[in-house]
Structure formats: C-alpha cells, structure tokens
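Below is one structure, written out as structure tokens; comments come after it.
So that the names make sense, note that chain A is the first sequence line, chain B the second, and so on, each numbered from 1.
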Amino acid sequence: MARTFALQPDDPNTVAEPSQADMNEAEALIAGLNEAQAEAARTTEGPVMIVAGPGSGKTRTLTHRIAYLLAAKKAWPSQILALTFTNKAAREMRERIVKLVGAEQAKGLWMGTFHSIFARLLRREAEHIGFTKDFSIYDTDDTERLLKNLMGRYGVDPKKITPRAVRSRISGAKNQMVTPQEYLRLAADPFEEAVAKLYGPYVEALRRANAMDFDDLLAWPIRLFEQHPDVLAQYQQRWKYLHIDEYQDTNRAQYLLAKMLAAKHQNLSVVGDDAQSIYAFRGADIQNILSFQKDYPEAKTIRLEQNYRSTQKILKLADAIIKNNTGQLDKDLWTDNAEGDHVVLLEALSERDEAQKIERTIRDLQIRYGLGNRDFAVLYRTNAQSRSLEEALRRGGIPYRIVGGTSFYQRREIKDALAYLRLVVNPQDEASLVRAINTPTRGIGAKTMETLRSYANATGLSLWQAAQQPEEAGLSSRAAKAVEGFTFMIARHAAKVETTPADELARELIQASNLMQALRDENTPEALVRLENIHELLNAVAEFAQSGENATLSAFLQEVSLVADVDNLQADDNRVTLMTLHASKGLEFKVVFVAGLEEGLFPLSMAAQDPKELEEERRLFYVGVTRAEELLFLSFARSRYRYGESQGAIRSRFLDEVQAEDVIRTESGRAFQAKTGRFSLDDGDGFTQARSTSGSRTRRTADYAQIDPHYYRQSLRPDAPKPSRRSTGDDERQIVYDEGEVAIVPGVRVQHPSFGSGKVIALEGTGDRTTATVFFKDVGQKKLKLKFARLQVLG
DNA sequence: AGAATGGACTTTTTT
DNA sequence: AGTCCATTCT
C-alpha cells in the first residue's frame, strides 16, 4: 500500500490514528524480537528507560522501535530524533531502518550524534545567538592552540599550567553551564585562578572568530532555547519522539537538552548500560541514567538481560569483573550461547614479546579455524601501545587497521589545508588565519604577526581586518606585500564561495596556497605521503559536493570536524583492528585481545589513586571483554617501554581480583591462579632480588629464565642469542639502587619510616629524580622520590 | 626570516 | 623514542 506521508516531512500536526492494518504491519516488523525487546519497541508513549547489558541487542531494539513508530504511523520520519554516540552507530541504525521500512519511509529521520544534530540546528538558528551559519568548529587541537596564544597574552606560563589542563577545565565548566563570571567567583586555588583569567577571553575569542568548540555545540542550543522559547517550542513540536543511545555517556548539557526537547510530548526513550559508562573524564554523568526514574517518575524501565554475543565463559568473566564495582543497576546477564573455550591469559616478557604472541596467536587461529583478519581485534588502554603491535603484525604480514590515534583529519597537512578552506568560508576565524598565513612560509614571521595583532588591538579591528591594512599597521613594505598577497588570495576565493561548487573552489584555493607545491619541492617520502593526503582531502570534498543539494563548503567543514575515527570503520575491509578500549564500545569481534593488563597501565596509575576512577577503569575492562564473541585473550608484559626506557611491570589487579578463575587458562592450558594478598611478602610475582655485582650503580639485564624458570617454557626465538648480562636489549629492566646493597625494583617490598611497609609498583625517571610508586598497606599508593624517601628493602 | 640543532618533556581515554 | 620548543646559525 502506498504511504505518502514520508514525503511531507515538515507537516507537524497531522498524523492519523493507526489503522488495524498499520498496526499489523508494525507488529510484523518486531516479530523477530524477544519478549523484552518487543515490549520496548511497543512502548511508544511516555518516558522509557531500556537498561541493557552488552550484546543484548539494544541498538537492534531501538531500531525496531523506530521502525514500529513509522509503520504504525505514529509519526512522520521528521518527527523522530535519534541521538547516538558515534556517526557510525547512526549510519548503521539508518541502514537497518531502511531495510525494515524502505528508503522512502525512512527519509527525513533525524539521526546522528548530539554534536552533529545540534550543529545542524545551530546552522539554522545561528543568527539568534549572534553567529553566522558558517561558524567554524574548533576541535581540541585548535582549542589548545588558541588557549596557548591567550596564555602568552595573559601572563600564564604554559610550562606550569598546560593548555590541555586549562582546556579540560573550561570544558568541564561549559558542560556544567558555569559562566566565566561564576568561575572567577568560585576560583579557589592558583590553577583555578589562572583558568578563570583565561576562560572569559577564550569565550570572547571564539565569538569573535565566529567559532564554536565541541562544548559550545551543546551549550549554545541550551542558551538559545532559554532565550528564545519560541524556537524551543518549534523543536519540541517537531520532534515528537526522542531516542538516546548510550545514555550512560551523556553529560549535563546533553541531559538538559534531552529534557528540554522532551518536555512537551514526554516521549523520551533512552538506552544504556551503567556498567559501560567510560566517559566520565569527558563530563559524562552516570547519574543521568541512575536517576532516570527519579527525573521521569512515569518512566517505564525495561531490562534486556539476554546476551546474544558472547560465550558463557566470556560472560562469566565479564560478570566477575563488574562485581568488583559497587552501585550498578541490577542486571542478571545470561546467554543461550555455547559454553565456549577458556579465556586465555598470555604472559609476556616485554611489550615486543606480547605483540609477537598476539601476532602468532592470530595466525594460529586463522589456520586452525579459518578465521579472517576482520574477525580479530586487539584492544589496549593507550594509543601509544599500538606501535609494538603494529610492528609485530607488519612482520607477520598481517594486514591491520588502527582506529584512533591521529585520525586523518588531525594530520598536520590536512589541518593546514582545512585552515585555508575555513578561512575562505569564515574570514573571522582567527585560529585558521594564524595557521594558514605562513604555511607554507611566505615571509610572514612572528614579528609581522605581532605588529598586526597590536594594530588590531589598538584599533579594535579583527586580525583579518588588520591584515587587510598592512601599511596602516606599520609593516615594512616587504612584509606588507607578503601579507597583501595572502589576503588577496583569500579574499578572491571568499568572493566566490556562494557561486562556485565546493570542490572546484577547494581545488583552486589549495592550488593557490602553494601548499602542495611546497610539499612537492620538499620531495621526501613523508612529504609525498602528505601530498597524497591532501589529494585525498580534495577528493573527499568532491564526493561531498556531489552528494546533495546543500553540499556547501561550509557544511563540509562542519561535518568533517565532527567525524570520529571509528566512524570510518568498514567491515568489508579485511584487516585486524587495533584500537583503544574506548573506541571499541559498541563493536564486536569473534576474537578479542585485551593487551597490556599491567598495574600502572591498566588501570592507569593515575586512576588507581581514586576509587571512582578505578571503577571506571574496571568498567572499561568490562567493555573490552564483552566485545568478544567466541574467543578472548588477555595479556600482559613484564616490562614495557615508557618515556624511552624499559620499565618493569606487574600484572594488573584486575586479573587477580576476579572470582572466575575457572574460566581462565594460561597459554599452556594450565589453570589460572589468582594471587590473593598480592601486596604481601610472598606474592609470587617472580621477581628475585638483584644483587649488585660491580659497584653501586649496577644494572642487570632481564634474564627472565633466572627470574622464573618455569613461566616461560619454549623459546620464542630459538635462534636468538641468549641475552647477555651486559646486553642493553629491549628486555632490559630499569633497576635503581639505594645506598645499600639491594635494588629497588618494581615488585619489591619496602619499608618506609612513616608509611610502614609497602610494595614498589613502578619506577620513573633516572638519577636523583627517580620516583617510585609504592603501594602501602596502610596508607595506599604514594609517589616518592628515592633521593629523599629513605626506603628500606625488606626480605 | 627561516633552517638547523640540542634539550626538555612526555602518555589517558574523545565527541 | 618521538615531539615540541628555544637557541643559534645562515
């Protein structure tokens, strides 16, 4: 039957009562769901919270719910808003809905991340808040550059207080809707005072630049809605049904937006898992999901507890992990899936060894089970860990792909090119002006820029305007000419923005900028890669320009600022995936490795200090483990490079606190033994005390066979020479001696005059600056400078 | 003004 | 080990 309503997307009021036929059709769409999922899909009116464990089909449920709404004709597509965590999730959801109800019926649905949806909204409403629709979007890199600039002018020393710290504090303040004035009033310590000094000027700088940072994309809509209730009313009317995926990761601003928008119809349904909340550092507030029922007393709570993804053993481990946290919402995960193989714990000598074991295991499983590269993912805590894994995979000839790290749009050459494009669209964009004006070098140095800036300050002009009057600004004729050449080039292209197709304009402009010529002249392999990247960017512009009617350059730039690296993950690309645990959320793989399970790394030593952060790390572990469908490997290394030197490591407490020893096996198939009382003397870490053999600052290479003859049975590299005692190979462990005879080395028990007895977890630095992280039984973890701490080695 | 060199510092996770 | 920055050299 022909349904035409999807073709009149903006007609707000006329949705007919569903006929019996419509309802039958809607029911047919959700026939494949389980009982709880179907109930969630059917509960279309009023607030609903779907509490769902990993692998329980929550996205599927959300998708079917939307399809159900459409089929039952409860709403036009344009009346449905779905907010997801990544663009990828939104894209997949849209694809599935298209499959369910057809492309015509799905057309006009609003789906995307909070940031992209509200960027779109701000584009429409920009003039209400004094921006133009062509505003630039500053990512963290842009933001930190801008801040650094401001720090110079406001006398804050970037050595003592890093732009990153300031950025993160300001971001927090914006999330909480704290204004610069309020912040200034509340500032309590020197750091906060410094932030307070910068916060106001930072906000003004963004405004002058017609630019928004990520937080603004959420904060400005809130302000807009507060100041213009009529605009809010319009969107409340438009979006009759609101869906939020990964609700546990929403921050205060997102919470407020959801509340404002849902106020009229109250049809807010959220999906989330408090056990998977891993973005508190970014302002995510787990309370949003924990107190949903309080915020919306009418709300119906539906639990999805059946897991369709993982084997029983994997699930059992996951459950045992999360049990160590307090205060989760009640959930009882279960699965009909097979029992599955044991979770395997890989123990390695060094990070290199760890990577090699992973690589070998991948090859082995591929042969044994005929798995493809795409079936594997290696997850780790920090991006820096990817290097050793990459090397091993490259050596083994296994194609891989890295998600995250520096993504395409963060590369220097791409940001340079983007700066030109942004500037042409939005000449007020000062950060882009500063970036582009002397890249490639065209004789406009620091002094010239200083002159321009003080002229701008004195006259109240923007930097761009000042740059257009170089002589009045007092520049030498040579400098003035250089600046003029630049401004003319930008202005010439800016004049054509409205009339020229985006790709053509971009191509011409980049050509005129000489960016590519400079790279060609450099003629190094790296420069040629960069050149290729710029070509790729121009292709992306072209592709975008041909994609639709509103495909302007300015729209391209805004969109591009908001793509995450995971968004580009393609399943048809047959490669092993390497990524951080954070990036893995929402994904699944047949075989998963969680690497680097070491104290100080996972959990990170910073996080281990604070129980709250420690719980978040644990949830992160939980997220990683539950990505696995069939096989799960956990690994740790006994030494790892950090700050350019190898440091000893002990395995993560996460391995030993877990009450599921029976699901874990070692590599050789033996039972896994958790270490209880790991901070007691007899902890079986396998560290023997090193003896000083030649003077007071002897180093000992890591002859692991000596440390624990049993743990490492077969040689990995039978042909490799045995590490000599003098070797400075990469398995070397840093050892520092105090005045006495005995080494202070990670794993060793020490006595402190006031803190009592404890255990060394990590060492950092060298010489007088050597700092030990020690876990004391009574007072917890402390960082101590060895020079001062007078530690006595016990035993 | 710009390139080259040497030293300090670094690593949390990201829309 | 790599990156960023300040200083020095051209």
Separation of [N] [atom2] from [X] [atom1] (nearest whole Å):
X: A/R352; N: C/dA1; atom1: CZ; atom2: P; value: 13 Å
X: A/R412; N: C/dT3; atom1: CZ; atom2: C1'; value: 11 Å
X: A/L475; N: B/dA1; atom1: CG; atom2: C1'; value: 14 Å
X: A/Q385; N: C/dA1; atom1: CD; atom2: P; value: 19 Å

Contacts under 3.5 Å, N or O only, protein and nucleotides 2-4 of chain B:
unit_1	atom_1	unit_2	atom_2	d
B/dG2	OP1	A/G443	N	2.6
B/dG2	OP2	A/N438	ND2	3.2

* Name the nucleic acid region contacted by A/K88, choosing base, sugar-phosphate or nothing; use a 4.0 angstrom heavy-atom cut-off, strictly under. =>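 The residue A/K88 makes no contact with any strand.
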* Apply the test ring-ring contact (aromatic ring centres under 6.0 Å, His included) to residues A/H115 and A/F85: give CA-CA distance (whole Å), side-chain angles for both, the deciding distance (0.1 Å), then the verdict. => CA-CA 9 Å; A/H115 289 86; A/F85 192 74; 9.3 Å; no
* Please walk me through it: do A/K58 and A/D273 pass salt bridge (charged side-chain N to carboxylate O under 4.0 Å, His left out)? -> CA-CA 10 Å; A/K58 49 186 165 173; A/D273 180 2; 5.2 Å; no
* Do the rings of A/F114 and A/F118 sit parallel, tilted or perpendicular, given the 30° and 60° boundaries? -> parallel
* Asked: Is a side-chain donor-acceptor pair under 3.5 Å present for A/R619 with A/Q276?
  ->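 No.
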* To do: Could you tell me whether the side chain of A/E599 and the main chain of A/A649 form a donor-acceptor pair under 3.5 Å?
  => no
* Is the backbone of A/F602 close enough, under 3.5 Å, to the side chain of A/S652 for a donor and an acceptor to pair up by distance? ->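 Present.
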* Asked: B/dT13 and C/dC4: how far apart are their P atoms, nearest whole angstrom?
  ->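 It comes out at 15 Å once rounded to the nearest Å.
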* Within 45 degrees of the axis of the six-membered ring of A/Y279 and under 6.0 Å from its centre: does A/R282 put its NZ or CZ there? -> yes
Could you go over nucleotides 10-15 of chain B and give all protein N or O partners under 3.5 Å, atom names and distances?
unit_1	atom_1	unit_2	atom_2	d
B/dT12	O2	A/R381	NH1	3.2
B/dT12	O2	A/R381	NH2	2.6
B/dT13	OP1	A/N383	N	2.9
B/dT13	OP1	A/N383	ND2	3.3
B/dT13	O4'	A/R381	NH2	3.2
B/dT13	O2	A/R381	NH2	2.5
B/dT14	OP1	A/T580	OG1	3.1
B/dT14	OP2	A/N383	ND2	3.4
B/dT15	O4'	A/R282	NH1	3.3
B/dT15	O2	A/H115	NE2	3.2

* Quick one: which of A/D213, A/N210, A/D429 gives a side-chain hydrogen bond (donor to acceptor under 3.5 Å, both in side chains) with A/S136? -> A/D429
